[in-house]
Peer 1: 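Supplied in structure tokens, the structure appears directly below.
Every number for a ligand or one of its atoms is a count from 1 in the order of the listing. Numbers here simply count residues along the sequence, with the first being 1. All of these numbers come straight from a predicted model, not from anything done at the bench.
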Amino acid sequence: MCGIVGYTGKNEALPVVTGGLFALEYRGYDSSGVAVLCGGKTEIVKKTGKLENLMAALEKAQLKGTCGIGHTRWATHGEVTETNAHPHTVGKTVLVHNGIIENYVSVGKMTNTDFKSTTDTERACALFNELYERCGDGLQTITSACREFVGSYAFLVMFKDEPDIFYAVRNGCPLVVGTADGGFAACSDVAACDFGEYYKLSDGDVAKVTKDGISFFDKDGVAISKEALTPKKSFSAPDKCGFPHYMLKEMEEIPTVLKNTLEAHIKDGLPYFEGVEDEIFKNMNRLCIVGCGTAYHAGLVCEHISRQLTGIEGDIYIASEYRYSGHKLNKDDAVIFITQSGETADTLACIRMCRAQGAYTLGVVNVPTSTAVEECDGVILTHAGSEIAVASTKAYVTQLAALYLIVLKMSLVKGTLTEDEVRGLCGELLNDVCADSKLSDTDKITINRIAEKYADCRDMFYIGRGIDSVLCSEASLKLKEISYVHSEAYPSGELKHGTISLITEGVGVFAILTDERLYLKSIGNIEEAAARGGSVIALCKEGFCKDKNYDLIPCRISNDLFAPFAVAPRFQYFAYCMTIIKNLDPDKPRNLAKSVTVE
Ligand code: AGP
């Protein structure tokens, strides 16, 4: 999952291309590069590491040209080196690629090329070039080569003998083209370029982008027309608004975006989802939720509260497994898909799989211009705003808000709660719960002090019971993905069945305790871990654990049912503090990317 961008027009290409790369860095930052047509010769500059490295090299290179393409990489095939960085060039062909060419070995064998890199992309480039050398026509080359590729891709391709022109083609990976900055651009994400009007390419579409305009063709090279779209909101480059990190800015926004999401889906005091019929919720006899990573964890919370409020149990699936699970569905089934970006390849594939079987697909999505919004039958938007930091924080909390409202809607239409009860709970969500999600300065000082104490901790076990054990999954992921501390989430009662053997001096035990019913049981399990030398942090309801020698993170919980909204911002902030103390970058953790557009 990489980001690609291209420009041809009357102005310099580099400002548009590098501006796009900065906005696309959430898709991968292992390396980056650009190719610019300068005075009839294509100059390529590429660097490993963050974009700043490329910008420094471009400062020296001083490339001038009005046609160029660029790439920011998340390595799939081939280690992180300058040789494996994009753009790749073979003969008269230069290209950038997002996606995976699964049959790259056999594609490579179709050409006579000595490969410099270990990437799938260079093999594809060689095939493009081989066919171009044969036919000398860019469009024909693109359509013929794409017939050979197996896998997902979005390519921007420049051919030496067709100056100031690039071709854009996609299969499975997002790609838009349109007007921009006195010319024409292409980009993996409409929000990463200042488009005037734009066109979404569908699988198999080819766009020929010249200084004078864009022409569209289908996979056989037959001219087609496309509908022009206008960006829903004006382009704004990502901005930290004075915060040191996007993650901190986004955590600070939680109370506001939580309220925005609730207000968007509460009408006359009751849950309301525009365009989604009540019947959908009435007929849900079993919850079926699909997602990846944090989105999947939000689904686990939804299943837990659904059992509590409606008695409806559920199956919560990780998309990459569900995709090949062979589950049979029919038109009476409804499946909920949770995705922040709306571009996660495995989740999109599951949406298509379920739609093909006639099931109703309901998307809980944050990015309004995403593919998931386009492809789901019904959509509930989470109004978190753009989330740049790779570790999802505010989006997770707004996903919980949307899912709680879905469960309250189900309780209402199924009659497990009265209208007054649902109205009361919606009122609490809007008022008390938004307040619970806000961290005070004292909270931050307490959490940061505890993080300083645990910063050298090599292993952390997140433990809890009931809703708390479900929250542990996400708390553990947050710590792992940005601070690189090995951590596991474990139901407290399960520890003594094996894993407790790993708890010794210096091992951290992060306990979440909000459930009054299970308090004493939870304390029992924590004491077992402490007895083996585990150092205990307790993120707990105010008044809990007062008599215990734990590192306490107390939080006000106005209603136990809504405990996740008070707990999540605090375990997110703890992970953030651990990362800062370890002098790591919380926004761009190693080996990760914000949107996973490949399998
Ligand atoms: C979470 O912090 C991660 N960025 C990752 O697990 C993410 O939740 C997952 O890739 C799913 O992304 P999506 O919500 O955009 O589909």
Peer 1: Side chains of T371 and E343 only: does a donor on one sit below 3.5 Å from an acceptor on the other?
Peer 2: yes

Peer 1: Do E474 and T294 have a side chain donor and acceptor closer than 3.5 Å?
Peer 2: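 Yes, because at least one side-chain N or O of E474 sits under 3.5 Å from a partner of the opposite role on T294.
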
Peer 1: How close does the nearest protein non-hydrogen atom get to atom 4 (N) of ligand 1, and which residue and atom is it?
Peer 2: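 Of every protein heavy atom, V390 O, 2.7 Å lies nearest to atom 4 (N) of ligand 1.
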
Peer 1: Quick one: look at T294 and ligand 1, take heavy-atom pairs under 4.0 Å, and tell me if it's side chain, backbone, both or neither.
Peer 2: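 Looking at T294 and ligand 1, atoms from backbone and side chain both fall under 4.0 Å.
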
Peer 1: Going by distance alone, is a donor N or O of one side chain under 3.5 Å from an acceptor N or O of the other, for N84 and T118?
Peer 2: yes

Peer 1: How about Y462 and F571: are their ring centroids closer than 6.0 Å?
Peer 2: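 So the answer is no for these two rings.
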
Peer 1: So which heavy atom in the protein is nearest atom 12 (O) of ligand 1, and how far is it from that ligand atom?
Peer 2: T344 OG1, 3.5 Å

Peer 1: Less than 3.5 Å apart, any donor N or O on the side chain of E599 or S152 sitting next to an acceptor on the other?
Peer 2: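 The criterion, which ignores hydrogens and geometry beyond distance, is not satisfied for S152 and E599.
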
Peer 1: Check each atom of ligand 1 against the heavy atoms of A391 and keep those under 4.0 Å away; list them by number with element.
Peer 2: 2 (O)

Peer 1: Verify the distance criterion only: is there a donor paired with an acceptor across the side chains of D551 and Y454 at less than 3.5 Å?
Peer 2: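 Yes, because at least one side-chain N or O of D551 sits under 3.5 Å from a partner of the opposite role on Y454.
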
Peer 1: Return yes when K478 approaches ligand 1 closer than 4.0 angstrom through a heavy atom, no otherwise.
Peer 2: yes

Peer 1: State the atoms of ligand 1, each with its element, that fall below the 4.0 Å cut-off from a heavy-atom position in S392.
Peer 2: 1 (C), 2 (O)

Peer 1: Which ligand 1 atoms are under 4.0 Å away from a heavy-atom of V596?
Peer 2: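 Atoms satisfying the 4.0 Å criterion: 10 (O).
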
Peer 1: Just do the ring-ring contact (aromatic ring centres under 6.0 Å, His included) check on Y26 and Y246 with the steps written out, would you?
Peer 2: CA-CA 11 Å; Y26 69 91; Y246 286 110; over 10 Å; no

Peer 1: Is the distance between the ring centroids of H327 and Y322 under 6.0 Å?
Peer 2: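 Yes.
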
Peer 1: Mind checking whether Q399 has an N or O less than 3.5 Å away from an N or O of ligand 1?
Peer 2: no

Peer 1: Heavy atom to atom 2 (O) of ligand 1, shortest distance: which of E481, Q572, M247 holds it?
Peer 2: E481

Peer 1: Side chains of D443 and S440: do they bring a donor and an acceptor to under 3.5 Å?
Peer 2: yes

Peer 1: Going by the atom numbers of ligand 1, which of them fall below 4.0 Å from some non-hydrogen atom of Q340?
Peer 2: 13 (P), 14 (O), 15 (O), 16 (O)

Peer 1: Would you check whether C292 reaches within less than 4.0 Å of ligand 1, judged by its heavy atoms?
Peer 2: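 C292 counts as a contact of ligand 1 under the 4.0 Å cut-off.
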
Peer 1: Within ligand 1, which atoms have a heavy atom of S341 less than 4.0 Å away?
Peer 2: 13 (P), 15 (O), 16 (O)

Peer 1: If you count the atoms of ligand 1 from 1 in the order shown, which ones are under 4.0 Å from a heavy atom of A295?
Peer 2: 8 (O), 14 (O)

